[in-house]
Amino acid sequence: MESALHLYALLLLVTVPPMIPNSALLAGAGALAAAGSLNLPLLATIILAGTVLGDLAVYGVGRKWSGRATTWLSRSPRRRSTLAWTTNRIQRYGVPSVIGVRFVPGGRGMGAITAGIVDLPFRRFLLAACLSEVIFVACTIGLGYLGGRLVPGGGPTALLIGPAVSLLVAGVTLVVQRCRRPA
């Protein structure tokens, strides 16, 4: 039980900051829940709380220090272009764009800080953050849980399901992006 508490604490710590890639770890935690080592509802609640808190913190930075954040994001052409694209989408589509950008690599942090910079109302951002993180947490933990249930006997093999699924999804995403790029 004590080791499970440490794992819950670790999962909370790695889900708050939006710049830490954590999908494989979360899917692995879902596999542990399937094996009975972690409580699935508690796991989902902790991860959801961490991700939403992280989103709100980054949104607050964008809102409070929008000038500094814009200056920092404008230092390189790539960040400037990403900021312009994200700003345009949030101003044009609002909540759906904040939800959608969450699922683009690096989009969680960029979407939250941009929403703060463009002064998206707090309640609308909170709605977007909660909806996007519920989808993210359900999919990520769910894939790990499903993998953990499909591997007979669980054990260490079940822990490889999360990273394997994450690599597969990332690979498919990269192939689709490359195929859609103009020549």
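- In terms of heavy atoms, Ser37 sits closest to Ala4 at O-CB, 4.2 Å.
- Checked options Asn88, Thr87, Thr86; the residue passing with Ile90 is Thr86 (criterion: side chain to side chain contact (heavy atoms under 4.5 Å, CB included)).
- The environment of Arg79 atom CZ is dense: over 12 non-hydrogen atoms of other residues, nucleotides or ligands sit within 6.0 angstrom.
- Applying the side-chain hydrogen bond (donor to acceptor under 3.5 Å, both in side chains) definition to pairs two or more places apart or across chains, those involving residues 90-104 are Arg102-Glu133.
- Heavy-atom minimum distance, Leu40 versus Ala33: CD1-CB, 3.9 Å.
- Met110 places a side-chain heavy atom less than 4.5 Å from the side chain of Leu73.
- Within the model, atoms CG of Leu25 and CG of Leu7 stand 7.0 Å from one another, a figure rounded to the nearest 0.5 Å.
- The side chain to side chain contact (heavy atoms under 4.5 Å, CB included) with Tyr8 is formed by just one residue from the set Ile47, Leu13, Thr45, Leu43; it is Leu43.
- Here the side chain of Thr70 pairs a donor or acceptor atom with the backbone of Ser66 at under 3.5 angstrom.
- Between Leu11 and Thr15, the shortest heavy-atom contact is O-OG1, 2.9 Å.
- Separation of atoms CG (Leu126) and SG (Cys130) is listed at 4.5 Å; rounding is to 0.5 Å.
- Residues Val98 and Val101 come closest through the heavy atom pair O-CG1, 3.4 Å.
- Residue Gly109 comes nearest to Val58 through the heavy atom pair O-CG1, 3.5 Å, listed as atom of the first residue, atom of the second, then distance.
- Within the 3.5 Å criterion, the main-chain N or O of Leu48 finds a donor-acceptor partner in the side chain of Thr51.
- When side chains are defined from C-beta on, Leu26 counts as touching Phe136, because their heavy atoms get closer than 4.5 Å.
- Shortest non-hydrogen contact noted between Ile113 and Ala69 is CD1-CB, 3.9 Å.
- Sorted by first and then second residue, the side-chain hydrogen bond (donor to acceptor under 3.5 Å, both in side chains) pairs involving residues 111-125 (not counting sequence neighbours) are Arg63-Asp119.
- A distance of 7.0 Å separates CD1 of Ile46 from CG of Leu12, quoted to the nearest 0.5 Å.
- Between Asp55 and Phe125, some side-chain heavy-atom pair lies under the 4.5 Å cut-off.
- Side-chain N or O atoms of Tyr59 include one that pairs as donor or acceptor with a backbone N or O of Phe122 at under 3.5 Å.
- Between Trp72 and Arg68, the closest side-chain pair of non-hydrogen atoms is not below 4.5 Å.
- Under a hydrophobic-cluster definition in which Ile, Leu, Val, Met, Phe, Trp and Tyr are linked whenever side-chain heavy atoms come within less than 4.5 Å, directly or via other members, Val14 and Leu53 are assigned to different clusters.
- Residues Ile117 and Leu56 do not share a hydrophobic cluster, clusters being chains of Ile/Leu/Val/Met/Phe/Trp/Tyr side chains in contact below 4.5 Å.
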